[in-house]
Amino acid sequence: MTTLQGADDPASPRAVTSSSVSGGAGDPSGDPGGDRARARKQAHRRRMSKNWSLFVLFAGPNILLILAFIYFPLVSNMYYSTLDWRLGSPRATPVGLDNYVRFFTSDSGLEVWRVTGIFTGGAVIGSMVLGMLIALVLNKKLPGRTAARTAVFAPYVLSGVGVAMVWNFIFDPTRGALSHILGFFGVASPQWYLNEDWALVMVIIVYVWKNLGFCAVVFLAGLQAIPQDLIEAATLDRAGAMRRFFSIVLPLLTPTVFFLLVTNIIFSMTNAFDILRIMTPTGHGTNTIIFEIYLQSFGAYQRAGYSAAIAVVLFFTLFLITAVQLRYVERKVHYQ
Amino acid sequence: MKAFAPRNLADTMLAGYLPILLALLIIVLPLAWMVLSSFKPPGEILTLNPTLLPQDPTLSNYAAVGDRVPLLTVLRNSVVVTVIGATIKVVLAVTTAYALVFIKVPGANIIFLGILVALMVPPEVSMLPNYLTITALGGRNTLWGIILPGLGTAFGTFLLRQHFKALPNELFEAAELDGAGHGRKLVQIAAPVSLPAIATVALVTIVSEWNNFLWPLIIIDSPDKMTLPVGLNLLQSIESQTGSYGILMAGAVLVIVPVLVIFAALQRYIVAGLTQGAVK
């Protein structure tokens with residue numbers, strides 16, 4: 001009886017647990033009010049359990065797949081990360097946090113952070129600045145701008161492998177289109193593939209090319225949301241184009257800028273694999289954190305434990321960035 | 001303000017079309033270069049005075065791609081993986097999103113949060129454990145081994161949940177009076193009125209399945225089970241030393257052009273799906 005009364009109160013935690021208890025069938029009290037409550041409760045419980053079976057039928061497979069191929073890997077990575085273990089080897093030695101210490105202190109680990117920092121910085125600034133410039137131009141009411149918007153966005157959806165192959169040809173120091181263009185100006189082509197610094201510059205350029213359309217389209221949507229009368233009022237006040245941009249447009253665009261900044265940081269850390277792997281297969285000078293995870297376990301070294309540790313670090317880095325973004329978004333909603 | 005009025009013409013050209021033209025050249029030229037080079041014989045690739053258009057167009061580069069990799073098999077694999085993978089993912093996304101919005105169970109929000117967090121995990125993080133799982137299940141060098149680990153869909157679920165939440169209750173009232181269950185409400189009401197959103201999810205999924213590289217690269221090493229991007233990686237490692245760029249460009253055309261065609265025809269849905277969250 002107590003379970004039934006508890007279950008009638010939706011705030012009671014027993015409401016959940018009682019649903020597994022089968023109906024209080026032997027209740028002898030015979031009180032009609034209790035009967036009604038019990039009938040209501042039973043109906044509710046039947047509906048609940050029917051809902052649960054439907055829910056499992058509809059959402060279960062997807063949830064199971066996500067658990068098996070996203071969450072389980074997250075957890076097992078944490079275990080693998082404490083091992084000194086070569087992929088394919090039956091022998092693994094527990095080493096505690098050694099793999100993490102190595103990633104944060106060794107020269108090769110710090111090199112990964114340096115390369116990731118430069119790649120992310122270059123990719124984010126490059127695609128956002130160029131994306132903004134293109135958005136400003138596309139924001140003018142010119143015939144044909146929809147077609148231009150489509151064309152600018154196109155590289156973002158293309159295969160990274162295909163794009164990287166095309167740019168491999170363009171960057172070829174002796175036969176590439178770029179070497180011919182540079183030669184026209186009397187400049188010798190840099191050794192894009194032999195020199196590690198140039199290789200990093202090269203992959204940043206290709207990433208920016210592929211990514212700037214995304215930034216342009218998001219900026220364009222932000223620009224089109226700015227009330228036109230604000231701009232017109234400023235124009236009447238004889239504010240120049242620069243003044244209008246920095247005093248009105250850019251401040252109103254802050255949420256868009258912040259959103260793009262965060263997504264670009266995350267994307268540039270996670271989406272660049274195809275380009276890096278095809279243009280610089282060994283990763284000398286271009287081993288950003290995702291590429292390093294791959295190279296360590298599936299490249300020449302087969303250091304699965306170390307690779308797992310880097311994967312764990314990457315996950316928590318992304319988690320942190322997202323948490324900061326969510327906090328910011330919440331604050332924005334509050335103060336608006 | 002008229003863009004082509006005489007007093008605005010110079011401004012329109014200099015501040016409008018000139019930068020647009022410049023941007024378009026930077027975007028379009030590399031792709032045009034790819035297509036044109038794929039029809040050039042080796043002599044026109046190696047020359048120090050290249051021309052934009054092929055002087056003596058040839059299909060030999062495409063035939064050469066077929067010699068280096070089992071091209072028809074690879075293309076078929078890519079189509080099979082894309083079609084089966086995308087179909088299952090879209091169905092799972094629709095049913096999961098429906099369950100999250102319309103089937104009232106306690107804790108649905110926490111489950112949704114769990115799906116959101118999964119959205120944040122890049123494939124590189126789950127790659128190694130999944131490789132071990134699929135290998136243990138005997139899925140190396142099989143097409144189902146390529147498809148299976150990617151089937152759980154967080155992106156589509158998220159996007160469709162937003163959409164279903166915005167559907168007005170009135171839509172379902174008549175059906176509820178008829179005593180329709182959730183299955184009928186999903187198939188006869190929620191899905192049909194959400195076709196544009198479902199198309200968006202489908203197109204974005206198709207494109208990303210077609211382009212997917214990292215996972216098939218790891219789980220496949222036998223050429224007759226490779227998808228197109230992995231086959232092209234093989235082609236690249238065979239041909240890059242000899243500088244046979246004509247052949248490589250023909251390969252790139254095969255993976256890029258189908259997506260370009262789809263994008264050109266249906267860009268509205270694809271752009272909307274990929275900029276979801278940023279553009280309302």
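Letters go in sequence order (proteins before strands), and every chain restarts at 1. Since the model is a prediction, treat every value here as computed from it, not as a measurement.
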Region of B:S208 in contact with chain A, defined by heavy-atom distances below 4.5 Å: neither
Between B:L29, B:I111, B:L148, who has the most heavy-atom pairs with chain A when the cutoff is under 4.5 Å? B:L148
Toward chain A, the part of B:I262 with a non-hydrogen atom under 4.5 Å: neither
Let me see the working for A:L87 and B:L128 under side chain to side chain contact (heavy atoms under 4.5 Å, CB included), right down to the final yes or no. CA-CA 9 Å; A:L87 193 61; B:L128 172 68; 3.6 Å; yes
Answer with side chain, backbone, both or neither: which region of B:V105 has an atom nearer than 4.5 Å to a non-hydrogen atom of chain A? both
Minimum heavy-atom distance between A:F55 and B:A99, given as atom pair plus value: CE1-O, 3.6 Å
Distance, nearest 0.5 Å, that separates CZ of A:R175 from CD1 of B:I45: 10.0 Å
Which atoms form the tightest heavy-atom contact between B:A23 and A:I134, and what is the distance? CB-CD1, 4.0 Å
Flag the one option from A:I293, A:V157, A:I266, A:L54 with the top tally of heavy-atom pairs under 4.5 Å to chain B. A:V157
Do A:Y294 and B:M127 come within less than 4.5 Å of each other through their side chains, counting heavy atoms only? yes
Side-chain contact test, heavy atoms from C-beta onward, threshold under 4.5 Å: evaluate it for A:V166 versus B:Y245 and give yes or no. no
Sort out for me which of A:L318, A:T150, A:I70, A:T270 touches chain B most, counting heavy-atom pairs under 4.5 Å. A:T150
Distance check, rounded to the nearest 0.5 Å: A:E292 atom CD versus B:E124 atom CD? 13.0 Å
A side-chain contact here means heavy atoms from C-beta on lying under 4.5 Å apart; do A:F153 and B:L274 qualify? yes
Using 0.5 Å steps for rounding, measure from the CZ atom of A:F291 to the CG atom of B:L214. 10.5 Å
Answer yes or no: is there a side-chain heavy-atom contact under 4.5 Å between A:F169 and B:L248? no
Which atoms of B:F102 approach chain A - backbone, side chain, both or neither, heavy atom under 4.5 Å: neither
With only heavy atoms counted, which part of B:V117 is less than 4.5 Å from chain A, the side chain, the backbone, both or neither? both
Sort out for me which of A:A59, A:G60, A:A311, A:S159 touches chain B most, counting heavy-atom pairs under 4.5 Å. A:S159
Side chain to side chain, B:V255 and A:V161, heavy atoms closer than 4.5 Å: no
Among B:I270, B:V271, B:I134, the residue with the most heavy-atom pairs under 4.5 Å to chain A is B:V271
So which atom in A:V137 and which in B:P19 form the shortest heavy-atom distance, rounded to 0.1 Å? CG2-CB, 3.7 Å
Check: A:L212 and B:I27 side chains under 4.5 Å, non-hydrogen atoms: yes
Do A:W52 and B:P106 have side chains that approach each other closer than 4.5 Å (heavy atoms only, starting at C-beta)? yes
Largest heavy-atom contact set with chain B, pairs under 4.5 Å, which of A:L65, A:N62, A:I289: A:N62
Between B:V28, B:I115, B:L31, which shows the greatest number of heavy-atom pairs under 4.5 Å with chain A? B:L31
Walk me through whether B:T133 and A:F72 qualify under side chain to side chain contact (heavy atoms under 4.5 Å, CB included). CA-CA 10 Å; B:T133 310; A:F72 170 70; 4.0 Å; yes
Of all the heavy-atom pairs spanning B:A252 and A:G162, show the shortest one and how long it is. CB-O, 3.8 Å
Check for a donor-acceptor pair, side chain of B:N130 on one end and backbone N or O of A:F69 on the other, with a separation under 3.5 Å. yes
Structural part of A:N271 lying under 4.5 Å from a heavy atom of chain B: neither
Mind ranking A:I170, A:L314, A:I278 by heavy-atom pairs under 4.5 Å with chain B and telling me who comes out on top? A:I278
Quick one: CZ on A:F214 to OG1 on B:T275, what's the gap to the nearest 0.5 Å? 7.0 Å
Sort B:M249 into side chain, backbone, both or neither according to what part of it lies under 4.5 angstrom from a heavy atom of chain A. side chain
Evaluate the criterion side chain to side chain contact (heavy atoms under 4.5 Å, CB included) for residue pair B:Q267 and A:R149; output intermediate values, then yes/no. CA-CA 10 Å; B:Q267 56 93 15; A:R149 191 189 86 133; 3.9 Å; yes
Quick one: what part of A:L220 sits under 4.5 Å from any heavy atom of chain B, side chain, backbone, both or neither? neither
Which one wins on heavy-atom pair count under 4.5 Å against chain A: B:A108, B:P122, B:G183? B:P122
Chain B contact via A:I290 - which portion, at a heavy-atom distance below 4.5 Å: both
Side chain / backbone / both / neither for B:L151 at chain A, heavy atoms under 4.5 Å: both
Contact leader toward chain A among B:V259, B:T153, B:V207, where contacts are heavy-atom pairs under 4.5 Å: B:T153
Using non-hydrogen atoms and a 4.5 Å limit, figure out which bit of B:S37 sits close to chain A: side chain, backbone, both or neither. side chain
Considering non-hydrogen atoms only, spot the tightest contact between A:A148 and B:I20 and give its length. CB-CG2, 3.9 Å
Part of B:L260 lying under 4.5 Å from any heavy atom of chain A: both
Please determine which of B:L100, B:L92, B:T95, B:V94 meets the side chain to side chain contact (heavy atoms under 4.5 Å, CB included) test together with A:F58. B:T95
Stepwise side chain to side chain contact (heavy atoms under 4.5 Å, CB included) test for A:L158 and B:N211: CA-CA 7 Å; A:L158 299 181; B:N211 292 341; 5.6 Å; no
Best-contacting candidate, A:S76, A:A154, A:G176, A:S307, against chain B by heavy atom pairs under 4.5 angstrom: A:A154
Smallest heavy-atom separation, A:Y71 atom then B:A118 atom, equals OH-N, 3.9 Å
Among B:L235, B:L254, B:T135, B:L217, which residue has the highest count of heavy-atom pairs closer than 4.5 Å to chain A? B:L217
So for A:A164, is it side chain, backbone, both, or neither that comes closer than 4.5 Å to the heavy atoms of chain B? neither
